[in-house]
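Read through the structure below, which is laid out as structure tokens, and then see the notes.
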Amino acid sequence: MEDKTSSTQPFRRAEPQSIGAQLHRILRSEIIQGDLAPGQAISEVETSRRFSISRQPVREAFIKLGEEKLIEVLPQRGTYVRKISVRDVLDARHLREVIEVSIVREVALNRDREVVRTLRELIAKQQQVKPGDSRAFLALDESLHKALALYAGREYAWRVTEGIKAQMDRVRFLAYDFATPSPQLIAEHASIVDAIETGDPDLAAQCMQGHLQGILASLPLIAKQYPEHFDND
């Protein structure tokens with residue numbers, strides 16, 4: 001993956017988020033996308049220099065990343081990007097399925113044309129993504145799942161989902177066009193929207209469940225292909 005950790009990203013101080021929260025978002029994204037690799041050392045001093053900020057917001061960001069199991073402190077050795085835990089990925093997938101299957105049922109019961117139109121537009125944009133552009137494709141994937149949650153009025157449920165799926169997202173970036181080709185993901189999204197459009201909550205739930213269970217088949221392949229990214233659990 002392209003290494004972008006050498007460049008700094010400016011903070012928007014007028015933003016409602018604190019500098020620490022903005023830094024957390026940036027570092028979290030870099031870990032998920034693989035710009036900060038599993039096992040890579042990361043320090044408060046170097047990070048504060050990189051972004052030209054004090055160590056306090058860096059410390060705040062590191063605490064949140066630690067809570068999300070994205071970094072770990074090893075005594076007498078330093079702070080490192082955590083390797084991916086298969087157990088954590090499976091736990092996150094289970095919780096995400098419970099939440100999103102429930103959400104898609106609600107959306108299908110309403111059978112609203114506007115949400116169907118929005119979802120189909122997102123799928124059309126996915127079809128236009130250039131081969132290999134995992135960031136663009138998976139950002140649209142995120143938008144589609146978020147749109148379902150927000151339409152159902154489940155904003156808090158989506159925030160919970162965002163918080164638990166970081167480990168899943170790390171695997172999805174590794175799997176992009178390797179274990180789970182993008183045409184397959186597009187087809188799965190289309191089947192979910194078809195079920196919503198016909199007002200069939202059972203079928204919509206079944207399609208969403210199958211979509212989210214895809215990682216169960218691809219995870220062993222990814223762990224075998226990238227053993228250095230995974231821990232030994």
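Residues: numbered from 1 along the sequence shown. As a basis for the values below, the full set of heavy atoms in this structure was taken, side chains included, without hydrogen atoms, waters or symmetry mates.
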task: Keeping the roles fixed (side chain from T47, backbone from S43), state whether a donor-acceptor pair exists under 3.5 Å.
output: yes
- prompt: Quick one: do L70 and F51 end up in the same hydrophobic cluster if we chain Ile, Leu, Val, Met, Phe, Trp and Tyr together by side-chain heavy atoms under 4.5 Å apart?
  reply: yes
message: Under a 3.5 Å distance rule, please check whether R111 uses its side chain to pair with a backbone N or O of E197 as donor and acceptor.
response: yes
field: Heavy-atom closest contact (F230 atom, A223 atom, distance)
entry: CE1-CA, 3.5 Å
field: Polar side-chain atom of S52 near backbone of S48 as donor-acceptor pair, under 3.5 Å
entry: no
- prompt: Yes or no on side chain to side chain contact (heavy atoms under 4.5 Å, CB included) for I186 and F137, after CA distance, side-chain angles and deciding distance?
  reply: CA-CA 10 Å; I186 290 172; F137 186 92; 3.8 Å; yes
message: Once rounded to the nearest 0.5 Å, what's the spacing between atom OG1 of T118 and atom CD1 of I123?
response: 11.0 Å
Nearest-0.5 Å distance, OG of residue S29 to NE2 of residue H24: 11.0 Å
task: Check whether V101 and L148 end up in the same hydrophobic cluster, where Ile, Leu, Val, Met, Phe, Trp and Tyr are linked by side-chain heavy atoms less than 4.5 Å apart.
output: yes
query: Quick one: do I53 and F62 end up in the same hydrophobic cluster if we chain Ile, Leu, Val, Met, Phe, Trp and Tyr together by side-chain heavy atoms under 4.5 Å apart?
result: yes
query: Taking it one step at a time, do D200 and D194 satisfy side chain to side chain contact (heavy atoms under 4.5 Å, CB included)?
result: CA-CA 9 Å; D200 190 333; D194 289 343; over 6 Å; no
message: For Y80 versus G39, what's the shortest heavy-atom pair and its separation?
response: CD2-O, 3.2 Å
statement: When R172, R170, R135 are each screened for side-chain hydrogen bond (donor to acceptor under 3.5 Å, both in side chains) with Q33, the one that passes is R135
SB check E162 R159 (cutoff 4.0 Å): no
field: CD1 on I99 to NE2 on H94, rounded to 0.5 Å
entry: 10.0 Å
query: Is it true that a side-chain atom of N110 and a backbone atom of D112 form a donor plus acceptor pair closer than 3.5 Å?
result: no
task: Provide the closest heavy-atom pair for I32 versus A166 in the form atom of the first, atom of the second, distance.
output: CG1-O, 3.9 Å
message: With rounding to the nearest 0.5 angstrom, report the CG to CG distance, L144 to L122.
response: 5.5 Å
- prompt: Does the side chain of V58 come within less than 4.5 Å of V45's, by heavy atoms?
  reply: no
- prompt: Would you say the side-chain atoms of E68 pair up with the backbone N or O of K165, donor to acceptor, closer than 3.5 Å?
  reply: no
task: Drop me the distance from Q40's CD to D35's CG, to the nearest 0.5 angstrom.
output: 9.5 Å
- prompt: Which atom names give the shortest non-hydrogen contact between I222 and A175, and what distance separates them?
  reply: CD1-CB, 3.2 Å
- prompt: Under the criterion side chain to side chain contact (heavy atoms under 4.5 Å, CB included), which of Q213, E188, H145 is the partner of M208?
  reply: H145
message: Go through it in stages, so that I can follow the logic: the residues are D91 and L95, the test is side chain to side chain contact (heavy atoms under 4.5 Å, CB included), and I'd like the CA-CA distance, side-chain angles, deciding distance and then a yes or no.
response: CA-CA 6 Å; D91 282 349; L95 291 172; 5.6 Å; no
query: Does CD in Q127 sit with more than 12 non-hydrogen atoms of other residues, nucleotides or ligands closer than 6.0 Å?
result: yes
task: Could you walk me through whether R82 and D231 pass the salt bridge (Lys or Arg N to Asp or Glu O under 4.0 Å) test, one step at a time?
output: CA-CA 8 Å; R82 272 186 180 269; D231 66 19; 5.8 Å; no
- request: May I ask whether L150 and V115 are part of the same hydrophobic cluster, defined by side-chain heavy atoms of I, L, V, M, F, W, Y residues being less than 4.5 angstrom apart, directly or through others?
  value: no
message: Quick one about Q56 and R59 (side-chain donor to acceptor, distance below 3.5 Å, no hydrogens or angles considered), yes or no?
response: yes
- request: Could you check R50 against E46 for salt bridge (Lys or Arg N to Asp or Glu O under 4.0 Å), going step by step and ending with a plain yes or no?
  value: CA-CA 6 Å; R50 176 187 168 196; E46 291 175 355; over 6 Å; no
- prompt: Within a reach of under 6.0 Å around NZ of K146, are more than 12 heavy atoms found that belong to other residues, nucleotides or ligands?
  reply: no
message: Is there a side-chain hydrogen bond (donor to acceptor under 3.5 Å, both in side chains) between Q22 and R25? Walk through the geometry before answering.
response: CA-CA 5 Å; Q22 292 181 58; R25 186 186 68 242; 4.6 Å; no
- request: Measure across V73 and T79 and return the closest heavy-atom pair with its distance rounded to 0.1 Å.
  value: CG2-OG1, 3.7 Å
- line: For G20 and E60 the tightest heavy-atom approach is CA-OE1, 3.7 Å
task: Measure the CD1-CD distance between I215 and Q167 for me, rounded to the nearest 0.5 Å.
output: 10.5 Å
- prompt: Can L65 be reached from I63 by stepping across I, L, V, M, F, W or Y side chains whose heavy atoms are under 4.5 Å apart?
  reply: no
query: Can you tell me if CZ on R154 sees more than 12 non-hydrogen neighbours from other groups inside 6.0 Å?
result: no
task: Taking atom types as modelled, find out whether Q126 and H189 have a side-chain donor-acceptor pair closer than 3.5 angstrom.
output: yes
message: Any heavy-atom pair between the side chains of I192 and L119 that's under 4.5 Å?
response: no
